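When reading the values below, keep in mind they use all heavy atoms of this one structure, side chains included, and skip hydrogens, waters and symmetry mates. Along the sequence shown, residues are numbered consecutively beginning with 1. Keep in mind the model is a prediction, meaning the values are calculated, not measured.
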Amino acid sequence: MRPFIDEKDVRLWNADARDLPRLLDGEEADAIVTDPPYELGLGTAGDVKKWDSTGIAFDPVFWETMLDIARPGAFMLVFGSPRTWHRLACAVEDAGWLLKDQFCWLYASGMPKGEWADHAVDRALGHPDPRAGTGRVRDSASLERNVAYDAAYEPQTAEAARWIGFNPSLKPAWEPILVAQRPREATLGRNLLEHGTGALNAAACALDADMEELERRYRLNATTGSRATDPRGGVTYRDSDTGSPRPLAPHLPGRHPSDVIMDAAAARTLPSDAPRFYYCPKARDRPLVAETRMMRPRSRDAAWTRSCARLGLFPDAESYPASLLDDEAASLTVQAGSARLAHPTVKPLDLVRWLTRLACPPGGLVLDPFAGSGTGLEAARAENMRAAGTELSPKYLPLIRQRLARPVQAGLF
C-alpha cells in the first residue's frame, strides 16, 4: 500500500494502526509518541463514539506489535485518560513493555462534563428544558455538537430544586502520559552503542534554573555531615561502591526534566521561588475545515479498490472528503452530505515536540500509530526527526495535509 503522504522524512498511511509493522517493512523505531483512543465510548452507540470504542488501546496484542518494531531500549510515550489509563497501562505491560514512569500533565482549562442534577431530575419527570437554544457552538473544533443556551437553567419542580449544585463529575485537570520502554538487550552503555536507544535526552529538555542555587544545593547534598540534622549528610549522593562523593556540579545546564507538566494557570498556584516544571496549556491551534462535501463509493468493487490504492486511501471507510479524490475516483462515488472536519482530542504541538525531543535520539525515527490531526508528525518534523504513522479515518487526512503545509515552527527554547 502506498503512503497517503510521502514527503521528506514524513510518511503517513491511511490504514489501521495494526498494519504499521507490515507497512514499515522491517524498519525499527527509535521512539513511539502517540495519543490512542481513550476508549471512553466503550459500550455506547452512535457515530461520534465509533472511533473511541474499538478496544485497541486496551489490547496487549496491539502493543506487542509496537514492541516488535521498536529498537531495544526505545521509549514509548502514550497519552491516556484519568478514567481508563490503568487499563492502558496493564495492556502495555502485559505486552512486554517496562513501565518506567508517567507524566502528570496538569491544566486549569478543563470543564466538568456531567449533567447538572436539577436538570436531570426535571428531565426524568418529563419536563423538557424550556430555554431557547442559540444554535450549535461553532467556535470550537471539538464542541460543534453542543447547544448554547440564552440563560442559566432554573429547576421546574420542587424535586429538582433539592439537587441544585449537584453534579456526577469532577472538573478534569490532568491527563496521564505513560512512559514505557522496550527492555534493553544489555547494559545501558552497550545498548546505546549497539542500538542507539535506551536513554532519554534530558539535556535537550532541561528547564530554566538558577544555576548558582542549583550548584549550591549539589555541593550541600554531597557534603558529609557530622550531625543528624545536616541535610542528607552526603549519603544519598555518594557512590555505593567506592564511597566517594558524586560530582559537585549539575550534569545539565538547567533543571532535570520531571514527570510533572503544567499549564501557566496551574503554575501560578506555586510559590514564586518554586523550581521550574515544563509548562504547556491545552491545544488552542486546532486544524479545521469548516465545511466539505463527503462522498461515498457506489460500489466497493475492483475499480474502487484500484482507485484507493492509487491515492493511498483505505478502501473500506464509510465516506471520504471530496478533496481527497481525483476525477477518476470521484466518478465512482455519490454525494453523502457535508461535514465539518475537526479532531476532538488535539494535543498541543509544543507539548508533543517536547516529548518527542525527550524520547527520541536526534535524527531518529518516531512512530505515531494514531496520527489524528497530525500533531505527532508535525512535531517530529519540527524537531528534525523522521516520522511515520497511520490514521484510519479519511476525515482527518485534510487536517494532516493542512498541518504539514505550514512553515516549520521555531525552536521551543
Check Arg71 with Glu28, please: is the shortest side-chain N to carboxylate O separation under 4.0 Å? yes
Note: Pro128 and Gln156 closest approach over all heavy atoms is O-NE2, 3.0 Å
Any donor-acceptor pair under 3.5 Å from Arg296 side chain to Glu318 backbone:
no
Minimal heavy-atom distance between Tyr107 and Pro172, with the atoms involved, is CE1-O, 3.7 Å
CG of Leu178 to CH2 of Trp63, rounded to nearest 0.5 Å, is 8.5 Å
Can you check whether Phe370 and Tyr38 have ring centres sitting under 6.0 Å from each other? no
Quiz item: Going by distance alone, is a donor N or O of one side chain under 3.5 Å from an acceptor N or O of the other, for Arg403 and Thr375?
Solution: yes
When rounded to the nearest 0.5 Å, the distance separating CG of Leu341 from OG of Ser323 is 7.5 Å
Salt-bridge present (Arg11, Asp6; N to O < 4.0 Å)
no
The reported gap from CG in Asp122 to CD in Glu154 (rounded to nearest 0.5 angstrom) is 10.5 Å
Q.
Quick check against the 3.5 Å criterion: does Arg131 have a side-chain atom that pairs as donor or acceptor with the backbone of Ala151?
A. yes
Flag the pair Arg123 and Asp129 as a salt bridge only when some basic side-chain nitrogen lies within less than 4.0 angstrom of an acidic carboxylate oxygen.
-> no
| query | With a distance cut-off below 6.0 Å to the six-membered ring centre and an angular limit of 45° from the axis, does Lys100 pair with Phe75 as a cation-pi contact? | reply | no
Taking every heavy atom of Ser373 against every heavy atom of Val346, the minimum-distance pair comes out as OG-CG2, 3.8 Å
| task | Using modelled atom types only, decide if a donor and an acceptor are shared between the side chain of Asn191 and the backbone of Pro72 within a distance under 3.5 Å. | result | yes
| query | Do NZ/NE/NH1/NH2 and the carboxylate oxygens of Glu378 and Arg406 come within less than 4.0 Å? | reply | yes
Query raised in the report: With no hydrogens and no angle check, is any side-chain donor or acceptor of Glu391 less than 3.5 Å from a backbone partner on Gly372?
Result: yes
Nearest heavy-atom approach of Pro168 to Glu115 is CD-O, 3.2 Å
Open item on the list: Which label fits Tyr396 and His343: parallel for a plane angle under 30°, tilted from 30 to 60°, or perpendicular past 60°?
Closed with: tilted
Closest non-hydrogen contact found for Glu39 with Thr54 is OE1-N, 3.2 Å
Legend entry - Side-chain donor or acceptor of Arg182 paired with backbone N/O of Gly73 under 3.5 Å: no
Give a yes or no answer on whether the side chain of Arg293 reaches the backbone of Gln335 with a donor-acceptor pair at less than 3.5 Å. no
Ala317 and Pro394 have their tightest heavy-atom pair at CB-CG, 3.5 Å
So CZ of Phe79 and CD of Glu175: to nearest 0.5 Å the spacing works out to 7.5 Å
Answer yes when Lys347 and Asp35 have at least one side-chain N-carboxylate O distance shorter than 4.0 Å, and no when they do not.
-> yes
To the nearest 0.5 Å, atom CG of Leu313 lies from atom OG1 of Thr305 at 11.5 Å
I want to know whether Trp304 and Tyr320 have ring centres closer than 6.0 Å. yes
When you measure from the side chain of Asn14 to the backbone N and O of Phe4, does any donor-acceptor pair fall under 3.5 Å?
no
